[in-house]
Amino acid sequence: ECGIPYKSLEYYVAERLMKQPLETKVSETDLFEYFDRLFDSKNEKRIYDTVRRLNKKIKHDLDIDKLIEYKSANYWIRRIS
């Protein structure tokens, strides 16, 4: 179990990514649209920093390295082998 605070930016990023099949890319634009009504987050660095915090927490709690991947303004949950 990985404790992510309910209704936090981390919660909504994780929720949005988990709605997609594994390895399905979600653009920063889609993430902004998903939680724009809840947070003033039109800053790409804020999403990137949120994903870094999530990956750090996942590594600590579940011992999984870089579960959420990032490339060219797209994020996805990678398949664990």
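- Checking side-chain atoms of T50 against main-chain N and O of R46 turns up a donor-acceptor pair under 3.5 Å.
- Between E28 and N74, every side-chain heavy-atom pair lies at or beyond the 4.5 Å cut-off.
- For the ring pair (Phe, Tyr, Trp, His ring centres under 6.0 Å) test, residues two or more places apart in sequence or in another chain that qualify with Y70 are Y48, Y75.
- Taking the salt bridge (charged side-chain N to carboxylate O under 4.0 Å, His left out) definition, one finds that E69 meets it with R78, sequence neighbours left out.
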Does the salt bridge (Lys or Arg N to Asp or Glu O under 4.0 Å) test come out yes or no for K59 and D63, once each step is laid out?
CA-CA 4 Å; K59 172 63 177 167; D63 199 29; 2.8 Å; yes

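- The structure places CD of E10 at 13.0 Å from CZ of R52, a figure rounded to the nearest 0.5 Å.
- In terms of the side-chain contact (heavy atoms from CB on, under 4.5 Å) criterion, residue partners of D61 (sequence neighbours excluded) are, by chain and number, C2, K57.
- Using modelled atom types, one side-chain atom of N55 and one backbone atom of I68 make a donor-acceptor pair closer than 3.5 Å.
- In this structure the side chain of W76 never reaches within 4.5 angstrom of the side chain of L22, judged on heavy atoms.
- Atoms NZ and CG, on K19 and D30 in that order, are 12.0 Å from each other to the nearest 0.5 Å.
- A distance of 11.0 Å separates CD of E15 from NZ of K7, quoted to the nearest 0.5 Å.
- Looking at I77 and E23, their side chains never come closer than 4.5 Å, going by heavy atoms from C-beta outward.
- Across I47 and F32, no two heavy atoms sit closer than the pair CD1-CE2, 3.3 Å.
- We find the CG-CG distance between L54 and D49 to be 11.5 Å, quoted to the nearest 0.5 Å.
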